[in-house]
Amino acid sequence: MLNPILTSSAVRRMRSIRLPLVLLGYAIMMTAIAYVGYAQYMDHVFVTMLGQGNRMHGILIMLQCVLLVLISPAMTSGAIAGERERQTLEMLLVTRTGAYRIVMGKLLESMMSLVLVVLCGLPAMCLNLLLGGVTVSQILLTECYLIALAFAAGAIGVFASSLCRTTMVSTIVSYILILLIGFLGTLPAFLGYTQRVTDVLYDQQQYDALTAAGCMRLFSPVFYFEPGIGAASLLLDQTNLLYDMFLYRSWGRILATYMMMQKIGFPLLVLLNIGGMTLMGLFFSLIAALRVRRVEGRRRGKRR
């Protein structure tokens with residue numbers, strides 16, 4: 001393979017017993033939750049079963065999002081910090097691999113494991129195909145979103161690993177950064193919108209004439225990098241969850257956000273969110289590589 005760090009790290013991870021146990025535990029948990037959720041609907045009439053099965057599909061989406069946010073940093077936060085703890089980072093830095101290839105090798109090695117984790121949940125997600133609640137294209141879109149979410153969260157873990165000296169501290173910093181990004185990403189909705197935006201949204205004639213491209217200009221650019229917006233778009237598009245919350249009239253800012261999301265189109269918004277999270281992951285991996293390069297430069301300066 002082109003990246004020796006990816007090759008050696010992937011071989012070492014695949015030979016360990018930890019990854020198969022994580023995959024087995026994830027698959028058993030998803031299957032058990034899906035079985036408990038779907039089994040109770042089998043005695044209902046068909047129309048009721050469709051609605052309840054669709055609801056269960058949304059629960060599985062939310063469950064996987066939470067699990068990936070928890071698992072991804074834990075699997076990547078030791079990428080650089082672990083090398084420091086084992087005192088092997090210096091040996092990597094004296095090679096001709098380069099800082100960016102070291103970081104991307106570590107990140108992609110963890111991503112291979114995370115993709116396997118996502119695929120382990122695919123059979124449970126496909127159960128709703130039997131009820132006709134979702135389509136194959138919607139499930140594939142969900143899987144792409146979950147992989148992008150794992151990539152962004154994993155890149156944040158690698159970035160934290162490049163800052164910290166120990167894996168434990170790196171893991172804590174990773175979760176703090178994820179919470180901070182999630183909080184900052186929702187600020188535009190909770191702080192409110194300008195009158196220029198609300199005048200268009202709450203005027204029925206202007207709102208009907210508003211195109212998806214025009215609404216994208218009103219939409220805050222921060223939302224395209226906010227994983228919660230992508231998850232909400234998936235749920236609003238594929239399930240009947242969250243409608244009550246977004247359409248609750250006394251929450252004007254939430255309603256305005258929903259109106260813009262609906263005008264843009266939920267599937268398109270998910271695709272844009274996937275692109276935003278991918279860019280965010282590449283950004284954090286680049287910053288991590290620059291951090292490792294600084295360490296490499298100091299090592300060379302000391303040798304001279």
Side-chain angles (χ1 to χ4, degrees), residues 47 50-62 64-66 69 128 132-146 148-149 152 179-280 283:
V47 175
L50 278 177
Q52 298 293 348
N54 197 258
R55 182 181 180 87
M56 190 63 203
H57 177 73
I59 293 175
L60 291 177
I61 292 176
M62 291 190 293
Q64 289 192 93
C65 289
V66 172
V69 169
N128 208 39
V134 294
T135 63
V136 175
S137 60
Q138 289 178 329
I139 291 179
L140 292 178
L141 181 62
T142 301
E143 294 299 301
C144 291
Y145 169 81
L146 293 175
L149 176 64
L179 291 175
L180 183 62
I181 291 173
F183 171 73
L184 295 177
T186 57
L187 277 183
F190 288 101
L191 293 177
Y193 300 101
T194 62
Q195 188 174 356
R196 179 181 67 88
V197 176
T198 55
D199 285 345
V200 175
L201 294 179
Y202 296 133
D203 187 298
Q204 190 62 44
Q205 189 174 8
Q206 293 189 58
Y207 182 73
D208 292 338
L210 186 64
T211 62
C215 195
M216 289 172 63
R217 289 191 289 269
L218 299 178
F219 210 54
S220 174
V222 177
F223 284 148
Y224 298 122
F225 301 92
E226 168 57 40
I229 292 295
S233 300
L234 279 175
L235 294 173
L236 290 168
D237 180 47
Q238 301 181 15
T239 71
N240 57 358
L241 298 177
L242 299 186
Y243 274 109
D244 293 337
M245 185 189 75
F246 275 92
L247 294 179
Y248 191 51
R249 293 282 175 177
S250 64
W251 293 2
R253 297 161 186 171
I254 304 298
L255 177 60
T257 305
Y258 170 79
M259 293 173 68
M260 288 188 286
M261 293 168 62
Q262 186 182 41
K263 183 63 70 169
I264 294 173
F266 299 124
L268 176 60
L269 197 53
V270 175
L271 291 174
L272 293 174
N273 192 247
I274 290 173
M277 288 193 296
T278 303
L279 291 176
M280 182 170 61
F283 171 77

Quick one: pull up [atom1] in [X] and [atom2] in [Y] and give me the separation to the nearest 0.5 Å.
{"X": "Ile139", "Y": "Leu234", "atom1": "CD1", "atom2": "CG", "answer": "11.5 Å"}
{"X": "Glu143", "Y": "Gln64", "atom1": "CD", "atom2": "CD", "answer": "6.0 Å"}
{"X": "Cys65", "Y": "Leu235", "atom1": "SG", "atom2": "CG", "answer": "7.5 Å"}
{"X": "Phe283", "Y": "Thr278", "atom1": "CZ", "atom2": "OG1", "answer": "15.0 Å"}
{"X": "Ile181", "Y": "Met277", "atom1": "CD1", "atom2": "CE", "answer": "11.5 Å"}

Contacts of type side chain to side chain contact (heavy atoms under 4.5 Å, CB included), residue [X], not counting sequence neighbours:
{"X": "Val66", "value": "Leu70"}
{"X": "Tyr224", "value": "Met216, Phe219, Ile264, Leu269, Leu272"}
{"X": "Leu187", "value": "Phe183, Leu184, Leu191"}
{"X": "Val197", "value": "Tyr193, Thr194, Leu201, Leu218, Met260"}

Smallest separation among heavy atoms of [X] and [Y], with atom names:
{"X": "Phe223", "Y": "Gly185", "answer": "CE2-O, 3.3 Å"}
{"X": "Met261", "Y": "Leu236", "answer": "CE-CD1, 3.9 Å"}
{"X": "Gly230", "Y": "Val270", "answer": "O-CG2, 3.9 Å"}

### Message
Within the 4.5 Å heavy-atom criterion, are Leu141 and Leu271 side-chain neighbours or not?
### Response
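Side-chain contact under 4.5 Å: yes.
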
### Message
Listing request: all side-chain hydrogen bond (donor to acceptor under 3.5 Å, both in side chains) pairs with a residue in residues 261-276, at least two apart in sequence or in separate chains.
### Response
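Qualifying pairs, neighbours excluded: Tyr258-Gln262.
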
### Task
Would you mind listing every side-chain hydrogen bond (donor to acceptor under 3.5 Å, both in side chains) that reaches into residues 203-215, with sequence neighbours excluded?
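Of all non-adjacent pairs touching residues 203-215, those that pass side-chain hydrogen bond (donor to acceptor under 3.5 Å, both in side chains) are Gln204-Asp208.
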
#### Entry: Sequence-distant partners of Gln238, side chain to side chain donor-acceptor pair (under 3.5 Å), two or more places apart
His57, Thr142

